[in-house]
Structure formats: structure tokens, C-alpha cells
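Worksheet for the structure shown next.
For reference, positions follow the sequence shown, starting with 1.
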Amino acid sequence: MDEFLIQLLFDKKRDGRIHVHSPNMPGLHLAGDDLESIQDDIEPIVKDLLLHNSHVIVDKIRWVPSLEEIVKQMGEPSPKSKQKQESKYLVIEARAA
């Protein structure tokens, strides 16, 4: 089995909504007010996109940083000089379908 990274960008808008997308996974766009609900949807969507678009079966997904750390970081107010987008990574362990 091989491992590879997928970069996720969490963009918190001024109105509090969160947009999640990925520069290296076309079709991955999630948005909502509740980060935990969005996170519940990310893994199955990533698995489906990889299976249908790339013929890859995902065996395991590892978050870097952890989901708990992402929730903590998104809940903290960020300084104005800090960029709105926060990069997170999914480490995918997968095999060809």
C-alpha cells in the first residue's frame, strides 16, 4: 500500500461559515457553519472521489494535525495579519482498485 498527501484548506469567512476545499483534489468543496459536521463528511467524500475519479481504494486516512487540533485552531480568533486559509493534510493509505 502507498501513502500520499491531500492538502485541505479551511477558509473561515467573516460571517462564520467555513469553506473546505483542496488544490489537489478536484471536486472537494464543503461549506457550513459547523466544523464538526463538515469534518464528518470529509472522509467519506474523499474516499468516494478517489474511488470514482482515480480508481483508488482508501484503506486508512490520517489527519495532520489531528481533527481535535483543527477544531481548536478554527475556534481561536486569528490575528488580522494571519491568512484566513489554514492548510491541513490528510495522509491517505490506499491501493489501486
- Report yes if the side chains of Val20 and Leu9 come closer than 4.5 Å at any heavy-atom pair, otherwise no. no
- Spatial distance of atom CD1 (Ile45) from atom CG (Leu50) [nearest 0.5 Å]: 12.0 Å
- Task: Starting at CG of Asp33, measure out to CD1 of Ile18 and round the result to the nearest 0.5 Å.
- Result: 8.0 Å
- Kindly indicate, with the supporting measurements, whether the criterion salt bridge (charged side-chain N to carboxylate O under 4.0 Å, His left out) is fulfilled by Arg62 and Glu3. CA-CA 10 Å; Arg62 183 167 39 98; Glu3 279 193 346; 3.4 Å; yes
- Can you tell me if Ser22 uses its side chain to pair, donor with acceptor, with the backbone of Gln7 under 3.5 Å? yes
- Query: Do you know which two heavy atoms are closest between Ser37 and Asp34, and how far apart they sit?
  - Reply: OG-OD2, 2.5 Å
- So His19 and His29, would you call those rings parallel, tilted or perpendicular, with 30° and 60° as cut-offs? parallel
- Message: I'd like to know if the side chain of Asp41 reaches the main chain of Leu30, judged simply by a donor and an acceptor atom lying under 3.5 Å from each other, with no hydrogens or angles considered.
- Response: no
- Item | Nearest-0.5 Å distance, CG of residue Leu35 to NZ of residue Lys12 | 8.0 Å
- Item | From CG (Leu8) to CZ (Phe10), nearest 0.5 Å | 5.5 Å
- Write down the atom of Asn24, the atom of Leu5, and the distance for their closest heavy-atom approach. ND2-O, 3.5 Å
- Task: Step by step, work out the side-chain contact (heavy atoms from CB on, under 4.5 Å) result for Leu51 and Val56.
- Result: CA-CA 5 Å; Leu51 179 61; Val56 170; over 6 Å; no
- Rounded distance (nearest 0.5 Å) linking atom CD1 of Ile61 with atom CD1 of Ile42: 9.5 Å
